[in-house]
Visitor: 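Submitted below is the structure of interest, expressed as structure tokens.
When reading the values below, keep in mind they use all heavy atoms of this one structure, side chains included, and skip hydrogens, waters and symmetry mates.
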Amino acid sequence: MQKFEDLFESPYIVFDGGVATELYERGFYINRPFEELNTTHPRDVAGVHESYIDAGSMMVTTNSFSLTPAQLEKFDIKNRQGELMHAAINVARQAVENKKSNARVGLTFGPLGVLIEPLGPTSKAEVQNEYENMARLAQGAPSFDFYILETFSNLDELSCAIDGIRRVDQKRPILASVTVRSSETGLIQQFAKRIGERKDVQALGMNCSEGPNDLLQSLKVLKPLTSKPIVIQPNAGIPRNINGRYFYMTSPDYMAKYAKRFIEAGAYGVGGCCGTGPDHIRAIAQSVKMMAAKGAGNFERTNPFIEINGREITDFEKVDGHAIARRPLTERKKSRIGEKLASGKKVISIELTSPRGTELGKFLTAVEKVRAAGIDFVNVPDGARASTRVSSLHIAAFVNSQFEKYGVTVLPHLTTRDRNLIALQSDLLGSSINRVHDVLLVTGDPPKLGNSRDATAVYDIDSIGLTYLVDRLNQGLTPGGDELGSFTDFGIGVAANPTAINIELEMKRWQYKVESGADYAVTQPIYEAQTFLRWKDQIKSNYRPHIVGIWPFVSYKNAEFMAHEVPGVFVPQWALDKMASVQNDPAASVKMGVEIAAKIMGELWDHCEGFAISAPLGRVEVALEVLKCIPKK
């Protein structure tokens with residue numbers, strides 16, 4: 001494979017600036033993808049490229065950053081992917097020829113714009129295939145010199161993109177660039193190790209981020225870890241919204257000062273990202289020219305270590321010691337579920353729904369009954385059936401913070417329906433400081449099922465992604481690798497559905513949950529012991545402690561509702577028949593429902609680690625009555 005630095009004759013390289021933001025400055029708005037301008041306004045796109053060449057750029061970045069299927073689908077032009085890519089390369093090449101320049105053309109691809117496993121449903125194989133297809137489409141286009149994979153924050157996705165391209169093109173160099181903050185030292189380390197040590201990657205880069213100063217600090221972390229050329233392309237600061245338009249306020253002179261500092265710190269190439277126009281690149285070029293005359297900087301690895309928080313780090317895998325590794329549940333001392341499981345005693349929880357309003361009397365009375373029965377846990381759904389109720393996290397914090405008074409630990413369910421990635425992390429961290437150290441992670445029912453049907457669902461991630469997120473918080477890290485300086489102690493519970501119609505898919509999702517950090521499962525309501533035993537045998541080595549869901553019926557109508565209207569619940573015909581036989585006698589119906597529930601619990605007592613018993617229609621005494629009917633073990 002060709003070396004990246006062999007493409008250029010100069011000791012230091014000037015890259016161009018933000019193509020998209022320069023098009024925006026020229027009057028094109030974001031109601032359509034900028035990549036479409038390659039065919040509708042090719043002269044304007046070429047004009048941007050030419051302005052950067054005139055300013056001193058030694059390369060041209062194609063206008064192709066968002067030519068990914070997910071981005072094009074938003075505008076219903078996915079079928080034009082190949083056409084727009086060829087046009088992007090052709091316009092860039094034409095700009096170079098128009099200026100009779102020796103500038104090189106870099107074909108740029110950004111992230112797909114979707115969440116990939118383990119945070120999202122898109123598999124790594126799918127990611128590889130998408131970038132393979134994009135590289136294949138580019139092969140019939142006019143000549144370009146190298147690939148730029150820029151603004152990646154997920155190293156798994158970046159690695160898959162490289163794999164996909166290399167299936168098609170083993171010759172052209174690849175510049176792999178991430179967007180990273182200097183505080184994300186773990187991510188920078190892993191970037192150097194996972195991407196920088198690949199023989200099929202010829203140069204590393206860092207772009208976008210928060211501006212020149214922060215990227216300089218990031219460069220100082222990365223430089224000692226690699227001997228490969230490094231390209232730095234900062235934003236022109238953080239944009240400001242003025243009268244509905246975004247402006248980048250960092251001046252060309254300021255960028256020029258930092259260009260000098262980048263070269264001194266060991267960068268090989270310097271350019272710009274969002275908000276950097278021709279004036280910025282002109283100033284950068286002049287600064288780089290001066291540094292070239294001085295002969296500053298080099299490619300070689302200058303130190304065998306980096307320094308983080310005053311400590312020399314020589315082993316990539318041991319940054320911050322225990323905070324980088326997954327700790328077993330037994331070491332998370334604040335988790336009461338973990339404590340119970342470690343003792344070998346059954347975890348018994350009563351499921352209560354939180355109040356619709358702020359009056360807590362009925363809920364707390366139920367909690368007191370649970371405590372009086374000697375039960376340690378209450379689990380609370382997060383907006384059960386997508387209905388508005390007191391937040392499960394908040395009510396857990398309220399009760400758990402007064403454990404001495406209530407003597408019961410609330411296990412809150414947490415869905416991904418209502419919060420984006422930022423809010424999920426913030427709420428979890430806030431809950432942790434309020435004595436919430438056990439959570440049950442679920443995807444959540446869609447809003448259309450609830451009492452606020454015009455509400456929008458977020459679903460940035462599903463329950464698998466949320467499991468991974470909480471596991472990272474337990475390691476003292478954000479999902480992106482940013483170090484928190486401390487770690488949470490959550491016991492991570494997840495849902496399991498042994499009665500799923502597509503059991504193969506459910507088993508696959510369970511495996512992903514285990515790999516993402518799940519400690520235990522709470523199942524959907526089980527009405528046949530054999531269903532759970534078969535599930536336990538199927539998942540085998542992936543087994544984790546299971547708390548079996550139990551829902552005692554209180555009427556035949558209740559049984560029918562569970563059978564036909566509650567997603568993921570299977571009620572066998574024999575149970576419906578038993579409830580039908582006493583449907584005209586309310587007291588007998590409750591008794592029959594309790595007997596059915598107790599029968600299942602008795603059969604499974606020695607085969608699981610506990611039970612989560614729902615209080616049907618808020619009737620906590622029914623749930624507690626089930627426990628009285630269990631044969632003493």
Side-chain angles (χ1 to χ4, degrees), residues 1 33 35-36 38 61-89 106-142 144 146-179 190-191 194-205 459-462 464-465 468 479-480 502 504-505 507-509 511-513 515-516:
M1 296 178 186
E35 289 75 13
E36 200 172 32
N38 296 323
T61 303
T62 58
N63 181 33
S64 57
F65 177 81
S66 295
L67 280 181
T68 60
Q71 300 295 337
L72 297 179
E73 281 178 346
K74 297 176 183 178
F75 300 95
D76 197 26
I77 56 173
K78 182 181 177 181
N79 63 327
R80 297 183 61 198
Q81 186 180 24
E83 173 198 355
L84 295 175
M85 188 175 302
H86 282 219
I89 299 171
L107 175 59
T108 185
F109 297 143
L112 291 181
V114 297
L115 288 171
I116 72 170
E117 60 174 297
L119 274 177
T122 304
S123 71
K124 295 174 184 177
E126 290 175 295
V127 177
Q128 291 172 352
N129 292 340
E130 293 292 3
Y131 285 96
E132 176 186 359
N133 182 58
M134 288 191 286
R136 200 174 299 282
L137 289 172
Q139 298 313 300
F144 62 96
F146 63 102
Y147 295 92
I148 307 172
L149 296 172
E150 61 178 327
T151 324
F152 282 75
S153 57
N154 185 322
L155 297 185
D156 286 336
E157 183 177 16
L158 178 55
S159 184
C160 289
I162 297 165
D163 292 339
I165 290 173
R166 288 307 183 206
R167 290 175 182 173
V168 176
D169 190 339
Q170 294 82 41
K171 181 179 178 181
R172 291 183 179 90
I174 290 179
L175 163 61
S177 185
V178 293
T179 178
Q190 289 302 311
F191 175 53
R194 291 186 56 191
I195 307 301
E197 293 185 3
R198 292 184 60 143
K199 293 181 180 180
D200 55 0
V201 173
Q202 284 63 51
L204 302 182
Y459 292 129
D460 269 1
I461 53 178
D462 64 6
I464 297 171
Y468 176 77
N502 188 341
E504 290 78 16
L505 177 61
M507 288 172 61
K508 187 174 183 179
R509 287 182 60 81
Q511 178 183 339
Y512 287 155
K513 290 177 181 179
E515 292 172 353
S516 296

Visitor: Working to the nearest 0.5 angstrom, can you tell me the gap between I148 CD1 and L107 CG?
Guide: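 I148 CD1 to L107 CG: 8.0 Å, rounded to 0.5 Å.
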
Visitor: Just by modelled atom types, is the T108 backbone N or O under 3.5 Å from a matching donor or acceptor in the S64 side chain?
Guide: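 It does hold such a pair.
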
Visitor: Looking at Q81 and L67, would you say the former's side chain and the latter's main chain have a donor-acceptor pair under 3.5 Å?
Guide: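 Checked: pair present.
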
Visitor: Could you pull out the closest heavy-atom pair between S66 and L72, with the gap in Å?
Guide: O-CD2, 4.1 Å

Visitor: I'd like to know if the side chain of E126 reaches the main chain of S123, judged simply by a donor and an acceptor atom lying under 3.5 Å from each other, with no hydrogens or angles considered.
Guide: yes

Visitor: What's the spacing between D462 CG and E117 CD if we round to 0.5 Å?
Guide: 11.0 Å

Visitor: Do the side chains of R194 and D156 get nearer than 4.5 Å, heavy atoms only?
Guide: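 Yes, at least one pair of side-chain atoms sits under 4.5 Å.
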
Visitor: Given M85 and F109, is the side-chain contact (heavy atoms from CB on, under 4.5 Å) satisfied, shown in steps?
Guide: CA-CA 10 Å; M85 188 175 302; F109 297 143; 3.8 Å; yes

Visitor: Going from CD1 on I464 to CG on L115, what distance comes out if it is rounded to the nearest 0.5 angstrom?
Guide: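 Going from CD1 on I464 over to CG on L115, the span is 12.5 Å.
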
Visitor: Out of curiosity, H86 NE2 to R80 CZ, how far, rounded to the nearest 0.5 Å?
Guide: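 Result: 13.5 Å between the selected atoms.
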
Visitor: Between N133 (side chain only) and E130 (backbone N and O only), is there a donor and an acceptor less than 3.5 Å apart?
Guide: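 The answer is no, because no donor-acceptor pair under 3.5 Å joins these two groups.
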
Visitor: Which pair of heavy atoms, one from P111 and one from F65, lies closest together, and at what distance?
Guide: CD-CZ, 3.8 Å

Visitor: Run the side-chain contact (heavy atoms from CB on, under 4.5 Å) check on L84 and I77 step by step: do they pass?
Guide: CA-CA 10 Å; L84 295 175; I77 56 173; 4.0 Å; yes

Visitor: Please report the shortest heavy-atom distance between Q139 and Y147, naming the atom on each side.
Guide: NE2-OH, 3.0 Å

Visitor: Return the minimal non-hydrogen interatomic distance between N38 and A88, and the atom names on each side.
Guide: ND2-CB, 3.3 Å

Visitor: State the CG-CZ distance between L204 and F191, to the nearest 0.5 angstrom.
Guide: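 Answer rounded to 0.5 Å: 4.5 Å.
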
Visitor: So how far is it from M507 CE to N502 CG, rounded to the nearest 0.5 Å?
Guide: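 Between M507 CE and N502 CG, I get 11.0 Å after rounding to 0.5 Å.
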
Visitor: What pairs with K124 under side chain to side chain donor-acceptor pair (under 3.5 Å), at least two apart in sequence or on another chain?
Guide: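 Expected list: none.
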
Visitor: Looking only at heavy atoms, what is the nearest atom pair of F152 and Y131, with distance?
Guide: CZ-OH, 3.4 Å

Visitor: Quick check: closest heavy atoms across Y468 and P118, and the distance to 0.1 Å?
Guide: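 Where Y468 meets P118 most closely, the heavy atoms are CD1-CG, 3.4 Å.
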
Visitor: Suppose the criterion is salt bridge (Lys or Arg N to Asp or Glu O under 4.0 Å): which pairs have a residue in residues 64-75, not counting sequence neighbours?
Guide: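 Sorted result for residues 64-75: E73-K78.
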
Visitor: Other residues, nucleotides and ligands only: do more than 12 of their heavy atoms fall within 6.0 Å of CG on D76?
Guide: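 Result for CG/D76: open.
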
Visitor: Could you list the donor-acceptor pairs under 3.5 angstrom formed by side chains in residues 157-167, with sequence neighbours left out?
Guide:
unit_1 : atom_1 : unit_2 : atom_2 : d
E157   : OE2    : L112   : N      : 2.8
S159   : OG     : R198   : NH1    : 2.9
D163   : OD1    : R198   : NH1    : 3.2
D163   : OD1    : R198   : NH2    : 2.6
D163   : OD2    : Q128   : NE2    : 3.4
R166   : NE     : D200   : O      : 3.2
R166   : NH1    : D169   : O      : 2.8
R166   : NH1    : R172   : O      : 2.8
R166   : NH2    : R172   : O      : 2.9
R166   : NH2    : D200   : O      : 2.9
R166   : NH2    : Q202   : OE1    : 3.0
R167   : NH1    : N129   : OD1    : 2.9
R167   : NH1    : E132   : OE1    : 2.8
R167   : NH2    : Q128   : OE1    : 2.6

Visitor: Please check this pair: side chain of T61 against backbone of G106, looking for a donor-acceptor N/O pair closer than 3.5 Å.
Guide: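 Flag not set: sc T61 to bb G106 has no pair under 3.5 Å.
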
